[in-house]
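See structure below.
It should be emphasised that the depicted structure is a prediction, and the values quoted were computed from it without experimental measurement. In what follows, chains are A, B, ... by sequence order, proteins preceding strands, each numbered from 1.
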There are 2 protein chains.
Amino acid sequence: MNLDENIIADIRQFNRFYTNILGLLDKHVLNTGYSFTEARVILEIGFLEQCIANHLVEKLDIDRSYMSRIIAKLSNDSLIIKENSALDSRTSLIRLTPKGTALFNQLNEKSDEQIVRLLQGLSQKEIKDLHTSMLTIQKKLEKAEGIE
Amino acid sequence: MNLDENIIADIRQFNRFYTNILGLLDKHVLNTGYSFTEARVILEIGFLEQCIANHLVEKLDIDRSYMSRIIAKLSNDSLIIKENSALDSRTSLIRLTPKGTALFNQLNEKSDEQIVRLLQGLSQKEIKDLHTSMLTIQKKLEKAEGIE
DNA sequence: TCCATTTAGTGGACTATGTCAACTTTTTTA
DNA sequence: TAAAAAAGTTGACATAGTCCACTAAATGGA
């Protein structure tokens, strides 16, 4: 494949850089009383509207038992409800309660504000370039996924 | 600033996507006996060749006390050595031992292999686009940093 | 059909990771 | 030069995540 050494170095540099960016963003999801991982779970349930635990396990790459506990906690806090599945009685259908939806919205707002803050100081043109670049990366790497 | 809602949504989508990519990559830094965070520290020391703990704290955004323990562990494992600083006797100059350098090289190789694996299946043109996009993102967001 | 396998989920017991506050020593600054 | 700030350490914790064994239901052949 003859991959240029410098390209690999740049990609790794980008990964370190973006790890920091995401780390900074994560820090500020806080003050909701829920951790970053819990927030990811709530967001994913919210986006899907309905799902089963195993989907969350696979999509978010979180250990089964850990997910079980997260769901138990969220359920206990009345953010989600579990309903028996008619199709597969090993599973429960999970969705947000109104309280959960409120938190979902709050998390979304906070996340949006963070992005706005992250972009402040950039021109429309720069934002457009950034956006295009992100779409490009996602498109290429979705094809790849060749990590395993 | 009139930021398009869709752009924000796409950026957030990208962030979720890239969180997963980085998570997958991180998992595989393992089998060295050191955690992701420890690996970050070793890599940073290796790149700098010499530094003080406080630099690592700020650069990697890790708590002081936690860093103190990480450094103690790495020192205990003879991966790094601490040398008294003549300029500021509160601090120590940290650098890799030969053993630490060996691990540094190993981590670098593993990381490079991961990137190669990540990119497998992409054409030269696609890799070039990916690379350009990453440089663009980094350049724009380095300017920004507007999170606090 | 039935039984071996796989899949979804749970819970105990644990380790690893990260945080907070208090403290020492040294440096900086007003 | 006294007060404040900075670098680092330590104890005591809290949070996050992992591993394993287990149950119950679903699935896939012979």
Open item on the list: Distance check needed: D/dA26 P versus A/Asn84 CG, whole Å only.
Closed with: 11 Å
TODO: Round to the nearest Å and state the distance from A/Phe36 atom CZ to C/dT17 atom C1'.
DONE: 16 Å
- [ ] Whole angstrom is fine here: how far is it from CD1 in B/Ile70 over to P in C/dT17?
- [x] 9 Å
Open item on the list: Counting the atoms with a prime plus P, OP1 and OP2 as sugar-phosphate, which does B/Ile52 contact under 4.0 Å by heavy atoms, base, sugar-phosphate, or nothing?
Closed with: sugar-phosphate
Task: Sidechain N-carboxylate O distance under 4.0 Å for A/Glu38, A/Lys73 - done: yes
Task: Euclidean distance, atom CG of residue B/Asp88 to atom P of C/dT24 [Å, nearest integer] - done: 19 Å
Open item on the list: If I take atom CZ in residue B/Arg64 and atom P in nucleotide C/dA22, what distance separates them, rounded to the nearest angstrom?
Closed with: 16 Å
Task: A/Glu44 and A/Lys59 ion-paired at < 4.0 Å - done: yes
- [ ] Write down the distance between CZ (B/Arg90) and C1' (D/dG8), rounded to a whole number of angstrom.
- [x] 9 Å
Task: base_contact_polar (C/dG12 base, A/Arg69 side chain, donor-acceptor, <3.5 Å) - done: yes
Open item on the list: Classify A/Ser65 by what it touches in the nucleic acid, base, sugar-phosphate, or nothing, heavy-atom distance under 4.0 Å.
Closed with: base
Open item on the list: Which label fits A/Phe14 and A/Tyr18: parallel for a plane angle under 30°, tilted from 30 to 60°, or perpendicular past 60°?
Closed with: parallel
TODO: Specify the separation, in whole Å, of atom CG of A/Asn54 and atom P of C/dT10.
DONE: 11 Å
- [ ] Would you mind reporting whether A/Ile94 and A/Ile81 have side-chain heavy atoms less than 4.5 Å apart?
- [x] no
Open item on the list: Tell me whether the side-chain N/O atoms of A/Thr37 come closer than 4.0 Å to OP1 or OP2 in D/dA16.
Closed with: no
Task: Atom-to-atom span, CG of B/Asp63 to C1' of D/dA14 - whole angstrom - done: 13 Å
Task: Phosphate contact (C/dA8 OP1 or OP2) by A/Ser68 side-chain N/O below 4.0 Å - done: no
Open item on the list: Less than 3.5 Å apart, any donor N or O on the side chain of B/Gln13 or B/Arg16 sitting next to an acceptor on the other?
Closed with: yes
- [ ] Taking only the side-chain nitrogens and oxygens of A/Ser92, find out if one of them lies under 4.0 Å from OP1 or OP2 of C/dG9.
- [x] no
Open item on the list: Reading DNA chain C from 5' onward, which residue's closest nucleotide shows up sooner: A/Val57 or B/Lys73?
Closed with: A/Val57
- [ ] Using a cut-off of strictly less than 4.0 Å, decide whether A/Lys82 has a side-chain nitrogen or oxygen near OP1 or OP2 of C/dA8.
- [x] no
Task: Pairwise 5' ranking along DNA chain D for B/His55 and A/Glu38, keeping only the more 5' one - done: B/His55
